[in-house]
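Written below as C-alpha cells is the structure these notes are about.
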Amino acid sequence: VFNVQWEQQLAPAIDRLVEGGVDLVLVDLALPESQGLEPLVRLRAKSAGIPVIVLVGVQEEVLGAWSLREGAYAYLQKDRLSSQSLVVTTVQYVMERFRLLEELERTRRQLDLTQRKFRTLAVQNADGIVVVDKTGVVRYLNPAAEALFNHQSKRLIGEPFGFPLGDGGIIEMDIPGRDGEVHIAEVRAIDILWQEEEEEEEEEEEEVHLVLLRDVTDRKRMEMVLQSANRRLQELLTLRGEFIQTASHEIRTPLAVIKE
C-alpha cells in the first residue's frame with residue numbers, strides 16, 4: 001500500500017521533499033515551468049537520498065536514458081501509466097534496489113571504518129603486523145614490524161616477504177638483525193580482505209595474508225637460562241645422591257684395623 005501525494009508544480013514538490021517523510025518520487029520531465037532534465041536535477045539537489053522515477057513521453061526514450069545518467073533509478077513512458085501492474089512493479093523494483101544499495105553502502109562504510117580502526121590499532125600494537133599478498137609481496141607493515149626487521153616500511157613494501165607463513169598455526173622464525181643479532185619471533189598468518197588506503201575508491205578488496213609477529217627473543221633467552229639452570233640442578237641432585245650413597249656405604253663398612 002502506497003500513500004501518494006501529488007504536486008502540480010516543481011517548487012511545492014521540492015518544499016514537500018524538504019519536510020521529509022518521502023520514500024520515492026515520480027516526476028514528469030515536461031512540467032509547465034521546467035523542461036527536460038531540469039526537474040530531475042533540481043529534485044536530486046534536494047533529495048539525494050530518495051530514489052526518483054521519471055516520466056517521459058512516447059518518443060522520449062533518449063531523455064529517459066539520459067535521466068538514468070543523472071541519477072534517476074528508472075523511467076516510465078507516460079502512455080504506459082494505464083498499466084497499474086507495470087507502475088506498481090516498477091515502484092517496488094526501485095524501492096527494493098534502493099534498499100539494497102543503501103545496505104551495500106552501509107556495509108562499505110562499516111568495512112571502511114573497520115579497516116581504519118585496524119590501521120590505527122596496527123600502528124599502536126606492540127606486535128609486528130605485516131600484510132603480504134598472495135604473490136608473497138609485502139603490502140603493509142606497522143612500526144613494530146619495522147623495528148623487528150630493522151627497516152623502514154618504504155624499504156620493505158613492494159619487496160618479497162621471504163619467510164614461511166605456515167598453515168595457520170603458530171611457527172617460530174629467526175630474523176637476522178643489522179648488528180648480527182638474531183631475533184626470534186612467533187608467527188601466525190591468517191587470510192583477510194585488504195584494500196589499499198590511498199586507492200579505496202578505485203580498487204576492489206583482495207584476499208591477503210595478515211602476518212602477526214611477536215618478538216619472543218627475551219622469553220626464549222630466559223627459557224634457555226632456566227633450562228641450563230635446571231640441567232645444573234639435576235646434575236647437583238645426581239651428585240648429591242651419589243655422595244649420600246657412598247657415604248652411607250662407608251659408614252656401614254667396619255673400620256679397617258691398621259696393623260704395625
Side-chain angles (χ1 to χ4, degrees), residues 100-239:
L100 291 174
L101 288 175
E102 275 200 322
E103 184 176 341
L104 180 63
E105 178 61 20
R106 284 195 300 269
T107 303
R108 188 198 66 78
R109 287 197 299 265
Q110 184 62 40
L111 288 173
D112 180 64
L113 178 61
T114 300
Q115 196 157 71
R116 290 181 187 277
K117 287 182 178 179
F118 162 77
R119 293 177 189 274
T120 300
L121 292 174
V123 169
Q124 300 172 350
N125 203 311
D127 292 337
I129 297 176
V130 182
V131 174
V132 181
D133 65 22
K134 291 299 184 177
T135 65
V137 173
V138 176
R139 302 285 292 278
Y140 169 85
L141 67 161
N142 71 339
E146 290 182 356
L148 189 59
F149 288 103
N150 202 16
H151 285 293
Q152 293 182 347
S153 60
K154 62 183 179 181
R155 295 189 57 186
L156 296 176
I157 292 177
E159 297 296 325
F161 183 57
F163 294 95
L165 298 178
D167 55 359
I170 297 176
I171 62 174
E172 289 187 359
M173 180 172 72
D174 291 342
I175 303 175
R178 185 175 296 176
D179 55 359
E181 182 181 6
V182 176
H183 291 269
I184 304 172
E186 285 183 347
V187 183
R188 183 183 180 189
I190 58 177
D191 290 339
I192 64 168
L193 292 177
W194 177 258
Q195 191 176 53
E196 294 293 344
E197 188 173 22
E198 65 274 11
E199 298 176 349
E200 287 182 357
E201 299 300 326
E202 294 83 11
E203 297 294 329
E204 294 184 356
E205 293 176 329
E206 61 177 309
E207 190 173 279
V208 297
H209 303 296
L210 178 67
V211 185
L212 307 174
L213 306 104
R214 173 162 294 182
D215 190 344
V216 294
T217 306
D218 292 339
R219 192 187 79 190
K220 287 295 180 180
R221 287 172 179 168
M222 183 59 66
E223 288 177 357
M224 293 176 63
V225 171
L226 291 174
Q227 289 173 0
S228 177
N230 187 58
R231 286 195 298 269
R232 181 56 180 164
L233 178 60
Q234 291 296 328
E235 292 173 359
L236 292 175
L237 289 174
T238 301
L239 290 173

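Worth saying up front: this structure is predicted, and the values here are computed from it rather than measured.
- For the atom pair CZ of R214 and CD1 of I184, the computed distance is 15.0 Å after rounding to the nearest 0.5 Å.
- Qualifying salt bridge (charged side-chain N to carboxylate O under 4.0 Å, His left out) partners for E186, counting only residues two or more places apart in sequence or in other chains: R219.
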Check against side-chain contact (heavy atoms from CB on, under 4.5 Å), L210 and V208: CA-CA 6 Å; L210 178 67; V208 297; 5.9 Å; no
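- Using the six-membered ring where Trp is involved, F149 and F163 have ring planes that are tilted, between 30° and 60° apart.
- Closest of all the heavy-atom pairs between P160 and V138 is C-CG2, 4.4 Å.
- Note: I190 CD1 to L212 CG = 5.5 Å, rounded to the nearest 0.5 Å.
- When all heavy atoms of I129 and N142 are compared, the closest pair comes out as N-OD1, 2.8 Å.
- No donor-acceptor distance shorter than 3.5 angstrom exists from the side chain of D215 to the backbone of G128, with no hydrogens or angles considered.
- Screening V131, V132, L156 against Y140 for a side-chain contact (heavy atoms from CB on, under 4.5 Å) leaves a single residue, V131.
- A donor-acceptor contact under 3.5 angstrom links the side chains of H209 and D191, judged on distance only.
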